Amino acid sequence: CTSAFAITTEIVEKARDATVLVAQDGQGFGSGVVISPDGLAITNYHVIHGAEFLRIFFYDPEDLNYYSADIVGIDPVADLALLKINVPEEKLPLTFLNIGVEYTIAEEVTAIGHPMGLQWTVTKGTLNHLERPGKITPYVNILQHSAIINRGNSGGPLINKDGDIIGIN
């Protein structure tokens, strides 16, 4: 990509490493993203709703082990959940992403997740609108973007050129 604002491979790889697969026993899966080096992660509420046990998988072709996670907080109206991933201390600190606060219309964005069973995929797009009102409540604004999102991308990060999270898909 020749854009001065292009998201680099290095940033996408860091975001990929901070993106997790969130699986429920027998109830499907979604995505999530680590937001602190000690294992806090954000996902969508609908990804974990009704879960009795959560399995968290990191991008690591050498280690296909999973870790459990506890639900720390939920906001069903905003469709968000905060998880604490239970990883051994020797695995810390985890790769994590910062929450971004600056973004503009037409900015290039990248969505990372696990659509339709394809793990750790990356799709690019642009921000089209910054404050679409939510369908359920007016207190939730929605970023509209053109990156392709499919079933399984839910809970994964939407990142800007700096690798900061500007939305949860």
Side-chain angles (χ1 to χ4, degrees), residues 1 3 5-35 41-61 64 66-67 69 71 74-83 85 95-97 99-100 103-137 140-169:
C1 186
S3 168
F5 299 106
I7 297 172
T8 66
T9 299
E10 180 180 47
I11 286 173
V12 169
E13 287 176 346
K14 179 183 179 192
R16 176 204 59 202
D17 292 346
T19 301
V20 295
L21 186 144
V22 180
Q24 291 189 39
D25 284 340
Q27 294 188 26
F29 63 92
S31 304
V33 61
V34 179
I35 59 168
I42 296 176
T43 188
N44 287 128
Y45 172 71
H46 74 265
V47 169
I48 57 92
H49 177 69
E52 292 185 27
F53 184 78
L54 294 173
R55 291 182 176 163
I56 307 297
F57 295 85
F58 289 91
Y59 181 80
D60 187 351
L64 300 177
Y66 66 86
Y67 303 93
I71 300 169
I74 61 170
D75 185 341
V77 177
D79 193 22
L80 293 173
L82 183 64
L83 308 177
I85 305 169
T95 301
F96 69 98
L97 300 182
I99 307 292
Y103 38 86
T104 60
I105 289 177
E107 179 177 350
E108 184 178 301
V109 294
T110 298
I112 301 176
H114 312 289
M116 303 182 301
L118 301 171
Q119 298 174 355
W120 285 278
T121 65
V122 175
T123 60
K124 293 171 82 171
T126 55
L127 282 179
N128 301 325
H129 201 282
L130 302 181
E131 295 182 1
R132 292 274 185 228
K135 293 181 179 180
I136 299 173
T137 179
V140 177
N141 282 326
I142 298 171
L143 296 176
Q144 178 186 355
H145 61 83
S146 61
I148 297 171
I149 303 295
N150 289 297
R151 183 181 202 100
N153 273 108
S154 292
L158 182 70
I159 62 169
N160 63 13
K161 65 178 174 46
D162 299 319
D164 294 335
I165 302 166
I166 61 167
I168 300 297
N169 296 309

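For reference, positions follow the sequence shown, starting with 1. Quick caveat: nothing in here was measured; it's all calculated off a predicted structure.
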Using side chain to side chain contact (heavy atoms under 4.5 Å, CB included) as the criterion, point out the one residue from E13, K14, R16 that pairs with T95. K14
Counting only N and O atoms by type, is there a donor-acceptor contact under 3.5 Å from the side chain of H114 to the main-chain atoms of V20? yes
Evaluate the side chain to side chain contact (heavy atoms under 4.5 Å, CB included) criterion for residues K161 and I11: first the C-alpha distance (whole Å), next the side-chain angles of each, then the deciding distance (0.1 Å), finally the verdict. CA-CA 8 Å; K161 65 178 174 46; I11 286 173; 5.9 Å; no
Sub-3.5 Å donor-acceptor pair from the side chain of T43 to the main-chain atoms of S31, do we have one? yes
Check for a donor-acceptor pair, side chain of N169 on one end and backbone N or O of S154 on the other, with a separation under 3.5 Å. no
State whether the side chain of N44 and the backbone N or O of I168 hold a donor-acceptor pair below 3.5 Å, judged by distance alone. no
Donor-acceptor check, side chain of S146 to backbone of T126, threshold 3.5 angstrom: yes or no? yes
State whether the side chain of N160 and the backbone N or O of D162 hold a donor-acceptor pair below 3.5 Å, judged by distance alone. yes
Whether Q24 side chain and E52 backbone form a donor-acceptor pair below 3.5 Å: no
How are the rings of F53 and Y66 set relative to one another: parallel (under 30°), tilted (30 to 60°) or perpendicular (over 60°)? perpendicular
So, E108 side chain and I7 main chain: donor-acceptor pair closer than 3.5 Å or not? yes
Look only at the side chain of N153 and the backbone of N150, and say whether a donor-acceptor pair between them is shorter than 3.5 Å. yes
